[in-house]
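Naming: A, B, ... by sequence-line order, numbering from 1 per chain.
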There are 2 protein chains.
Amino acid sequence: MISQRTKYAIKALIHLAKQEKGVLFTTSSISGNANIPKKFLEQILLDLKRASMVSSVQGAKGGYYLSKDPRKINLADIYRLFDGAVALLPCASEKFYEHCKDCPDEESCSLKWGLMKVREKTFNALKDISIYKLANHK
Amino acid sequence: MISQRTKYAIKALIHLAKQEKGVLFTTSSISGNANIPKKFLEQILLDLKRASMVSSVQGAKGGYYLSKDPRKINLADIYRLFDGAVALLPCASEKFYEHCKDCPDEESCSLKWGLMKVREKTFNALKDISIYKLANHK
DNA sequence: ATAAATCCTACTAACTTGATAGAATTTATG
DNA sequence: CATAAATTCTATCAAGTTAGTAGGATTTAT
């Protein structure tokens with residue numbers, strides 16, 4: 001399951017990607033359009049900014065816009081930003097690897113082996129879905 | 001991420017699958033071998049029993065054994081039993097479907113469409129890994 | 001100067017998770 | 001038949017996470 005944060009982030013990015021580029025959107029307008037609590041969305045947009053997916057203009061008449069080609073923003077990136085590891089256990093993770101305390105020998109752990117296979121397939125599936133695809137679907 | 005419950009369940013099932021069938025294992029012995037807190041494992045084995053993956057013999061000299069062909073127990077089944085939906089949102093789930101309150105039209109929701117594609121790939125990956133494969137790996 | 005906007009930090013209620021505890025029940029065995 | 005060994009069942013709890021709220025500081029167009 002993805003968190004609300006991730007879900008809202010994706011919806012906000014789709015919203016931005018549907019517009020001509022260069023156009024600014026305020027938190028309020030995205031909030032209203034995508035049905036996301038405004039103050040919560042503020043935090044999410046800031047995180048997306050820190051991750052260089054969006055940029056902002058401060059002050060009156062300011063707002064947010066996509067700062068990256070929507071073909072190059074995909075669900076794997078967004079998922080990792082808010083929810084962390086794609087893998088089902090830290091020991092099977094690429095970006096969030098952690099050693100399993102209770103594992104005597106990770107090399108020979110068949111569970112780790114299995115979960116790494118799952119991770120690869122899930123990662124490919126997530127990576128294949130870009131914001132561009134979502135914004136232009138149908 | 002999978003919960004500890006799911007992780008322990010898989011480890012316990014692998015342990016049972018590695019033995020000749022018909023042999024009984026007590027909670028204590030599995031707990032010791034697979035490094036799982038005993039009282040916690042008790043609950044997990046009961047859940048696995050209710051799901052017909054294992055059977056038990058009560059009383060002294062009792063214990064648990066695999067009651068299903070380990071080729072037919074896979075990670076998707078176990079995941080769903082303890083952690084629920086494979087899909088990343090309830091609206092994209094097959095077994096745990098729930099309508100999205102904030103979605104005006106699920107038919108045309110591109111996020112749902114994307115997450116269903118991800119769900120299918122993840123599900124196939126999970127389903128492909130059986131307890132038999134894990135128990136006989138390497 | 002003012003209003004409109006982003007930016008930043010702290011807080012909190014509700015829920016979930018990972019256990020632990022204790023007792024009831026069942027059954028093999030001496 | 002008494003006992004010990006095992007499953008079965010239910011309740012409880014501490015710690016962490018999530019989803020959101022609150023309030024203000026800062027920036028900038030007009």
Side-chain angles (χ1 to χ4, degrees), chain A residues 1-12 16 23-32 34-67 79 81-85 88-90 96 98 100-102, chain B residues 1-12 16 23-32 34-65 67 79 81-85 88-90 96 100-102:
Chain A
M1 288 285 153
I2 57 177
S3 60
Q4 288 285 91
R5 285 186 126 78
T6 299
K7 174 178 158 183
Y8 291 157
I10 299 169
K11 289 178 104 182
L16 293 179
V23 181
L24 293 180
F25 281 85
T26 64
T27 309
S28 292
S29 72
I30 303 173
S31 161
N35 210 17
I36 305 170
K38 188 187 162 198
K39 291 296 271 181
F40 196 21
L41 180 60
E42 276 184 10
Q43 298 172 15
I44 293 165
L45 286 168
L46 278 175
D47 286 335
L48 290 173
K49 185 189 174 182
R50 291 182 191 116
S52 304
M53 296 184 193
V54 303
S55 293
S56 67
V57 173
Q58 283 198 13
K61 301 276 172 183
Y64 290 94
Y65 60 96
L66 264 199
S67 59
Y79 185 91
L81 180 60
F82 294 100
D83 289 341
L88 291 173
L89 281 181
F96 297 84
E98 273 176 54
C100 259
K101 292 171 225 157
D102 58 339
Chain B
M1 288 283 156
I2 57 177
S3 61
Q4 288 285 91
R5 285 187 126 79
T6 299
K7 173 178 160 183
Y8 291 158
I10 298 169
K11 289 179 104 181
L16 292 178
V23 181
L24 292 181
F25 282 84
T26 64
T27 308
S28 293
S29 72
I30 303 173
S31 160
N35 209 17
I36 304 170
K38 189 186 162 198
K39 292 295 273 180
F40 196 22
L41 179 59
E42 278 183 6
Q43 298 172 16
I44 293 165
L45 287 168
L46 278 175
D47 285 334
L48 290 173
K49 185 188 173 183
R50 292 184 191 115
S52 304
M53 296 185 193
V54 304
S55 294
S56 66
V57 173
Q58 284 198 8
K61 303 275 172 185
Y64 289 94
Y65 59 97
S67 59
Y79 185 92
L81 180 60
F82 293 101
D83 290 339
L88 290 174
L89 281 182
F96 297 83
C100 261
K101 291 170 226 157
D102 58 339

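Once rounded to the nearest 0.5 Å, the distance linking CZ of B:F82 with CG of B:L48 reads 4.0 Å. With rounding to the nearest 0.5 angstrom, the OG1 atom of A:T26 is 8.0 Å from the NZ atom of A:K38. Taken to the nearest 0.5 Å, the CG atom of A:D83 stands 8.5 Å off from the CG atom of B:L88. For the atom pair B:L24 CG and B:L16 CG, the distance stands at 9.5 Å (nearest 0.5 Å).
The nearest whole Å value for the distance from the CD atom in B:Q4 to the P atom in D:dA15 is 17 Å. Counting to the nearest Å, the C1' atom of D:dT10 and the CG atom of B:D47 are 13 Å from each other. Straight-line distance from the NZ atom of B:K39 to the P atom of D:dA11: 15 Å, rounded to whole Å. Look at CZ on B:F40: it is 19 Å from P on D:dT12, rounded to the nearest Å. For the pair B:L46 CG and D:dC9 C1', the interatomic distance rounds to 8 Å; values are reported in whole Å. D:dA5 atom P lies 18 Å from atom CD1 of B:I30, rounded to whole Å. The CG-P distance, from A:L41 to D:dG20, rounds to 11 Å in whole Å. The CD-C1' distance, from A:Q58 to D:dA25, rounds to 11 Å in whole Å.
Here the shortest heavy-atom pairing between A:Y8 and A:N35 reads CE2-O, 4.4 Å. The shortest heavy-atom contact between A:F40 and A:Q4 is CE2-CB, 4.4 Å.
Checking B:S31 against B:S28 by side-chain atom types alone, no donor-acceptor pair falls below 3.5 Å.
Contact check, B:R50 against D:dT7: no side-chain N or O comes under 4.0 Å of OP1 or OP2. Taking only side-chain nitrogens and oxygens, B:K49 comes nearer than 4.0 Å to OP1 or OP2 of D:dT8. Close to D:dT7, at under 4.0 Å from its OP1 or OP2, lies no side-chain N or O of B:Y65.
Residue-level contact check: B:F82 touches neither bases nor backbone, having no heavy atom under 4.0 Å from any strand. B:T27 comes within contact range of the sugar-phosphate backbone alone, with a heavy-atom separation under 4.0 Å but no base atom that close.
In the interface, the side chain of B:Q43 is not paired with the base of D:dT8 through any donor and acceptor atom under 3.5 Å apart.
Among D:dA6, D:dC9, D:dG20, the nucleotide with an atom closest to any side-chain atom of B:E42 is D:dC9.
Take the nearest nucleotide of DNA chain D for B:G62 and for A:G59: the residue whose nucleotide is more 5' is B:G62. Sequence order on DNA chain D of the closest nucleotides to A:V57 and A:Y8 puts A:Y8 first from the 5' end.
A nucleotide of DNA chain C counts as in contact with chain B when one of its atoms lies under 4.0 Å from a heavy atom; the first and last such, 5' to 3', are C:dG18 to C:dA28.
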